[in-house]
Trainee: 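Next up is a structure, given as structure tokens.
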Amino acid sequence: MKNSLGPAATLLGDRIRRARLELGLSQEAIAALAGMHVTNFGKIERGHANPSLLTIVRIAAALGTDVATLAQDITQEHLPQGVRVLSAHDYLSERDRRVPRPR
């Protein structure tokens, strides 16, 4: 099944899975420690769910790591195909180019 959430969700899930396996714990154990249902945890590990920040923090805490470690180097390039994000810098540059500033 194709993952419509894209590479970001897959990469996050892979990192969560690796951290769990390094601890030698089951999905059930980490899900219980994070206070969530194992089915939802499994979906996150497979990259088939888009967890909230609170959920990611809970999982990171259960794994004994931090969100930054799990999300390191996940950037806009990891968004699903067809999703485009305009940076604030690009927006301001384009706005300034179109609307001359008063002198």
Side-chain angles (χ1 to χ4, degrees):
M1 173 179 8
K2 186 173 181 194
N3 180 1
S4 63
L5 295 177
T10 300
L11 189 53
L12 178 67
D14 288 346
R15 289 178 180 169
I16 290 170
R17 180 181 300 108
R18 264 195 319 268
R20 176 181 62 78
L21 293 174
E22 285 176 10
L23 292 170
L25 294 173
S26 66
Q27 287 184 342
E28 291 82 2
I30 295 297
L33 292 169
M36 59 189 302
H37 195 277
V38 67
T39 302
N40 293 333
F41 181 81
K43 288 178 184 177
I44 293 167
E45 268 200 3
R46 289 187 305 278
H48 294 179
N50 188 14
S52 69
L53 177 59
L54 177 60
T55 298
I56 297 169
V57 171
R58 289 173 22 211
I59 292 170
L63 293 169
T65 190
D66 56 45
V67 174
T69 299
L70 296 176
Q72 184 174 6
D73 298 325
I74 297 176
T75 65
Q76 69 183 19
E77 286 79 29
H78 297 99
L79 291 172
Q81 187 175 12
V83 173
R84 182 172 179 268
V85 176
L86 186 65
S87 72
H89 179 268
D90 291 342
Y91 168 79
L92 293 171
S93 295
E94 182 64 16
R95 183 193 66 183
D96 291 347
R97 185 183 72 75
R98 290 181 183 214
V99 181
R101 292 183 183 243
R103 296 180 184 195

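Bear in mind that the values here come from a model prediction, so they are computed numbers and not experimental data.
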Trainee: What is the minimum heavy-atom distance between Ala31 and Val38, and which atoms define it?
Mentor: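 The answer is CB-CA, 3.7 Å.
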Trainee: Kindly work out whether a path of hydrophobic side-chain contacts (I/L/V/M/F/W/Y, heavy atoms less than 4.5 Å apart) joins Val57 to Ile74.
Mentor: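 Yes, Val57 connects to Ile74 through the hydrophobic network.
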Trainee: If I compare all heavy atoms of Leu33 with all of Ala62, which pair ends up nearest, and what's the gap?
Mentor: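 Taking every non-hydrogen atom into account, CB-CB, 3.8 Å.
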Trainee: Decide whether Met36 and Leu54 are clustered together by the hydrophobic rule: side chain heavy atoms of Ile, Leu, Val, Met, Phe, Trp, Tyr closer than 4.5 Å, transitively.
Mentor: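 The answer is no; the residues belong to distinct hydrophobic clusters.
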Trainee: Using the salt bridge (charged side-chain N to carboxylate O under 4.0 Å, His left out) rule, collect all pairs that involve residues 66-80, keeping only residues at least two apart or in two chains.
Mentor: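 Residue pairs with at least one partner in residues 66-80: there are none.
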Trainee: With rounding to the nearest 0.5 Å, note down the distance linking CG in Leu70 to CG in Leu63.
Mentor: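 Atom-to-atom, Leu70:CG and Leu63:CG are 6.5 Å apart.
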Trainee: In a check of side-chain contact (heavy atoms from CB on, under 4.5 Å) between Asp14 and each of Ile16, Thr10, Leu12, which one passes?
Mentor: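 Filter result, single survivor: Thr10.
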Trainee: With a 3.5 Å distance limit and no angle check, can you tell me whether Arg15 reaches the backbone of Gln72 through a side-chain donor-acceptor pair?
Mentor: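 Pair found, side chain donor or acceptor close to backbone of Gln72.
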Trainee: Quick one: do the His37 and Thr39 side chains pair a donor with an acceptor below 3.5 Å?
Mentor: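 Checked: His37/Thr39 side chains pair up, N/O donor to acceptor below 3.5 Å.
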Trainee: Do NZ/NE/NH1/NH2 and the carboxylate oxygens of Arg18 and Glu22 come within less than 4.0 Å?
Mentor: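 So Arg18 does not pair with Glu22 through a salt bridge.
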Trainee: Which heavy-atom pair separates Arg20 from Ile30 by the least distance, and what is that distance?
Mentor: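 Nearest pair, atom of Arg20 first, then Ile30: CG-CG1, 3.7 Å.
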Trainee: How close do Arg17 and Glu45 get, heavy atom to heavy atom, and via which atoms?
Mentor: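 Smallest interatomic distance, heavy atoms only, reads NH2-O, 2.9 Å.
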Trainee: I need the His48 NE2 to Asn50 CG distance, nearest 0.5 Å.
Mentor: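 If we round to the nearest 0.5 Å, His48:NE2 and Asn50:CG are 13.0 Å apart.
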Trainee: Hey, does the side chain of Arg58 reach the backbone of Gly35 with a donor-acceptor pair shorter than 3.5 angstrom?
Mentor: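 Yes.
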Trainee: Output yes when a side-chain donor or acceptor of Arg46 lies under 3.5 Å from a complementary backbone atom of Gly42, and no otherwise.
Mentor: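 Looks like yes, one N/O pair under 3.5 Å.
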Trainee: Looking only at non-hydrogen atoms, find the nearest pair between Ile56 and Pro51 and report the distance.
Mentor: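 Where Ile56 meets Pro51 most closely, the heavy atoms are CG1-CG, 3.7 Å.
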Trainee: List the atom of Pro80, the atom of Leu5, and the distance in Å for their closest heavy-atom pair.
Mentor: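 Residues Pro80 and Leu5, closest heavy atoms: CG-O, 3.1 Å.
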Trainee: When you look at Glu94 and Leu86, which way does the side-chain contact (heavy atoms from CB on, under 4.5 Å) test go after all the steps?
Mentor: CA-CA 10 Å; Glu94 182 64 16; Leu86 186 65; over 6 Å; no
Trainee: To the closest 0.5 Å, what do you measure between OG (Ser26) and CD (Glu28)?
Mentor: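 Ser26 atom OG to Glu28 atom CD measures 4.5 Å (nearest 0.5 Å).
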Trainee: Quick check for you: to the nearest 0.5 Å, what is the distance between Asn40 atom CG and Thr55 atom OG1?
Mentor: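 If I round to the nearest 0.5 Å, the distance is 8.5 Å.
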